[in-house]
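Working notes for the structure below.
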There are 2 protein chains.
Amino acid sequence: MSSEAPCTRDKILQSTLALLEAREVQSVRMGDIAKRSGISRQALYLHFKSRAELLIATTRYVEDIHDVDARLLPSRTARTGLERLDAYIESWGEFLPKIQGIAKALIVMSETDSEAAAAWDDRMQAMRSGCAAAVKALKRDKQLSPQHTVEQATDILWMLMSFQNWQQLTQACGWPPATYGKKLKQMARSILVVDAGG
Amino acid sequence: MSSEAPCTRDKILQSTLALLEAREVQSVRMGDIAKRSGISRQALYLHFKSRAELLIATTRYVEDIHDVDARLLPSRTARTGLERLDAYIESWGEFLPKIQGIAKALIVMSETDSEAAAAWDDRMQAMRSGCAAAVKALKRDKQLSPQHTVEQATDILWMLMSFQNWQQLTQACGWPPATYGKKLKQMARSILVVDAGG
DNA sequence: TCGGTTACTTGACATCGTGTCAATTGACTT
DNA sequence: AAGTCAATTGACACGATGTCAAGTAACCGA
């Protein structure tokens with residue numbers, strides 16, 4: 001439970017997460033995380049061998065906290081392909097804001113660290129599997145537009161749902177979360193579904 | 001002409017560009033650029049006050065070389081809204097591969113340098129104007145889907161045409177350039193156009 | 001031909017963040 | 001009393017950016 005005194009490792013992960021949500025990624029240094037965790041900078045290296053490893057661990061920590069699997073349940077139990085598509089976009093749209101900080105950090109880290117790149121890629125491939133499943137369900141229902149192969153449709157849905165697009169629409173364009181969800185469903189239907197009734 | 005001996009500043013810009021196209025962004029250091037330009041590292045600072053400024057100057061240099069304005073001519077002279085949309089996507093799709101290196105560099109630099117961020121944002125806003133113009137032409141032709149406001153339609157087209165999406169589709173998904181162009185036009189029509197024939 | 005300017009060189013150095021190492025402390029076991 | 005474990009302190013190497021000072025070589029105009 002969170003009311004118990006967390007062990008040092010958990011304190012570090014919590015601090016990292018809090019800082020990433022509060023500030024610009026690059027301004028979250030090992031020293032800052034240590035200070036906020038109430039330990040020395042060197043002690044961080046007793047728990048994580050590098051900054052990259054700490055960020056990767058934080059990613060897993062976030063997914064644990066928010067119970068990704070439970071969130072995706074409605075999309076897996078959907079009856080029709082359309083329902084599944086909508087449910088998947090919906091859950092993802094609710095999940096994205098929660099991983100914002102760590103996602104940005106991991107993307108930036110990916111430029112210099114191949115393990116970070118692999119970790120982020122792994123999460124994105126997991127998300128892609130969900131896209132592939134939704135597309136497959138559409139295909140099964142004969143609702144997939146003949147304009148695209150199954151592969152292409154998956155690529156397209158994956159692209160639409162990318163973290164960068166979410167960032168651009170909600171941050172740069174100022175779309176509220178509800179608009180993001182609604183519009184993304186519209187777009188996915190317009191592109192992928194044969195009879196795009198909304 | 002390029003057969004004349006270029007001045008030092010131009011040599012630097014050419015070297016920067018060549019290196020950014022050949023290698024990972026972060027591995028292009030001031031020292032590398034200097035070596036390739038045949039001058040000392042310190043001499044770089046006689047021409048550009050920082051790495052960020054050099055990258056920004058390189059961006060302008062690339063746009064000069066490839067004559068962006070001329071490229072966009074067909075989209076500006078298009079008769080119908082649909083023609084304009086297609087022409088704009090087409091030119092952008094041809095232009096993107098050429099700015100790949102410097103674009104990635106500027107995006108990475110944006111994390112740490114606010115001037116670089118402003119420079120990239122400026123280019124993206126310019127691209128957005130083109131999107132707005134295409135959407136307006138569709139609206140004029142009564143071909144804009146009533147699902148979206150003009151503003152939203154612009155946001156959507158802007159998102160679809162983003163550098164990150166191009167990267168994801170051509171690199172991660174392995175789409176050939178021709179497929180990228182064709183599919184992007186399809187997607188834009190499906191989402192934005194009222195009678196999405198095509 | 002002298003003097004000045006311009007472009008560039010060399011070498012040393014400050015700064016910042018990551019990551020490492022060695023010696024030490026303090027608490028809890030057995 | 002001895003041992004172990006988590007953490008501390010302080011020093012330090014490394015790599016990259018950016019700065020500074022002194023020197024050089026070519027060119028240009030009076």
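Applying the 4.0 Å criterion to OP1 and OP2 of dA6(D), one finds that His47(A) has every side-chain N and O outside that range.
Distance CG (Asp113(A)) to P (dG19(C)): 9 Å, rounded to an integer number of Å. As rounded to whole Å, 14 Å separates atom C1' of dG19(C) from atom CG of Leu54(A). One interatomic measurement links the two molecules: CG of Leu55(A) to C1' of dT18(C), which rounds to 13 Å at whole-angstrom precision. Computed from coordinates, the Gln42(B) CD to dA12(C) C1' distance equals 10 Å when rounded to whole Å. Here dT9(D) presents its P atom at 13 Å from CG of Leu46(A), a figure rounded to the nearest Å. Whole-Å rounding puts the Asp32(A) CG to dT18(C) C1' distance at 13 Å. In this structure, Met30(A) atom CE and dT20(C) atom P are separated by 10 Å, rounded to whole Å. Residue Leu44(B) contributes atom CG, which lies 13 Å from atom C1' of dT9(C) at whole-angstrom precision.
Relative to the side chain of Arg51(B), the nucleotides dG18(D), dT8(D), dT9(C) differ in distance, and dG18(D) lies closest. With distances taken from any side-chain atom of Tyr45(B) to the nucleotides dT9(C), dT17(D), dT18(C), the minimum falls on dT17(D).
Below the 3.5 angstrom threshold, one finds no donor paired with an acceptor across the side chain of Arg41(A) and the base of dG10(D).
Lys11(B) and Gln14(B) share no donor-acceptor pair across their side chains, judged by distance under 3.5 Å alone.
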Q. Taking it one step at a time, do Lys35(B) and Asp32(B) satisfy salt bridge (charged side-chain N to carboxylate O under 4.0 Å, His left out)?
A. CA-CA 5 Å; Lys35(B) 186 182 281 183; Asp32(B) 302 304; 5.9 Å; no
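When each of Lys49(A) and Arg29(A) is assigned the nucleotide of DNA chain C with its nearest heavy atom, Arg29(A) is the one assigned upstream, toward the 5' end.
Here the closest non-hydrogen pair linking His47(B) and Glu53(B) is O-OE2, 4.5 Å.
Residues Leu85(B) and Leu157(B) have side chains in contact (heavy-atom distance under 4.5 Å, counting atoms from C-beta outward).
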